[in-house]
Amino acid sequence: QVQLVESGGGLVQPGGSLRLSCAASGRIFSINTMGWYRQAPGKQRELVAGISSVGTTRYTDSVKGRFTISRDNAKNTVYLQMNNLKPEDTAVYYCNADGLKSSWWDSDHAYWGQGTQVTVSS
């Protein structure tokens with residue numbers, strides 16, 4: 001069984017920084033894409049940033065220039081460095097691993113973390 005465990009959320013003042021981490025564990029052969037989504041109260045879950053196995057990244061427009069996603073393939077871990085945080089960044093942040101194979105003959109699967117709360121407030 002595969003698990004994704006997130007860490008690094010918390011309360012921060014506007015303009016502050018946080019770093020989220022997400023480690024995938026269990027029987028893992030490969031992971032195609034890893035990413036971070038967020039969901040604010042009353043809103044739909046949205047993609048914040050994603051990174052492919054070769055390091056190609058994408059960001060939602062509202063975080064470009066402030067957030068940086070990175071990945072350590074050897075550790076099956078993805079990070080999200082969040083700088084210059086704004087109150088509108090407040091949400092539960094979820095880690096996602098997509099195209100995960102437990103063996104080379106396995107089909108692709110997607111997994112989610114349990115979520116970590118990020119609150120930006122003075």
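Side chain of N73 to main chain of S53: a donor-acceptor pair is present (N/O by atom type, distance under 3.5 Å, no hydrogens or angles). R71 places a side-chain N or O within 3.5 Å of a backbone atom of S52 that can act as its donor or acceptor partner. Judged by distance alone, with hydrogens and angles left aside, the side-chain atoms of R66 form a donor-acceptor pair with the main-chain N or O of N84 at under 3.5 Å. Side-chain N or O atoms of K101 include none that pairs as donor or acceptor with a backbone N or O of F29 at under 3.5 Å. Of the possible polar contacts, one joining the T90 side chain to the V120 backbone as a donor-acceptor pair under 3.5 Å is found.
Annotation: the span from W36 atom CH2 to Y59 atom OH amounts to 13.0 Å, rounded to 0.5 Å. To the nearest 0.5 Å, atom CG of residue L4 and atom OG1 of residue T77 are 9.0 Å apart. How far CD1 of I31 is from CG of N76: 4.0 Å, rounded to the nearest 0.5 Å. Residue L100 holds its CG atom at 10.0 Å from CG of N32, rounded to the nearest 0.5 Å. Annotation: the span from D89 atom CG to S121 atom OG amounts to 12.5 Å, rounded to 0.5 Å. Here the straight-line distance linking atom CD of Q13 with atom OG1 of T119 works out to 13.0 Å at 0.5 Å rounding.
Between Y79 and I69, the closest side-chain pair of non-hydrogen atoms is not below 4.5 Å.
Closest approach of S102 and V2 over heavy atoms only: OG-CG2, 4.3 Å. Considering every non-hydrogen atom in both L47 and T60, the closest pair reads O-CB, 3.4 Å. Among all heavy-atom pairs drawn from V78 and C95, the shortest one is CG1-SG, 3.8 Å. Nearest heavy atoms, A40 versus A91: N-CB, 3.8 Å. Scanning both residues, A49 and L80, for their nearest heavy atoms gives CB-CD1, 4.2 Å. Residue M82 comes nearest to V118 through the heavy atom pair CE-CG2, 3.9 Å, listed as atom of the first residue, atom of the second, then distance.
A continuous path of ILVMFWY side-chain contacts below 4.5 Å connects V63 to M34, so both sit in one hydrophobic cluster.
Using modelled atom types and a 3.5 Å distance limit, the side chains of Y93 and R38 yield a donor-acceptor pair.
Remark: V92 pairs with Y94, Q117 by the side chain to side chain contact (heavy atoms under 4.5 Å, CB included) rule, at least two apart or across chains. Every side chain to side chain contact (heavy atoms under 4.5 Å, CB included) that Q114 has, sequence neighbours left out, goes to E6.
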>> If you apply the rule salt bridge (charged side-chain N to carboxylate O under 4.0 Å, His left out), what do you find for D61 with K64, and how did you get there?
In response: CA-CA 5 Å; D61 286 345; K64 287 180 180 177; 2.9 Å; yes
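Enclosure of atom CD in E88 by more than 12 non-hydrogen atoms of other residues, nucleotides or ligands within 6.0 angstrom is indicated.
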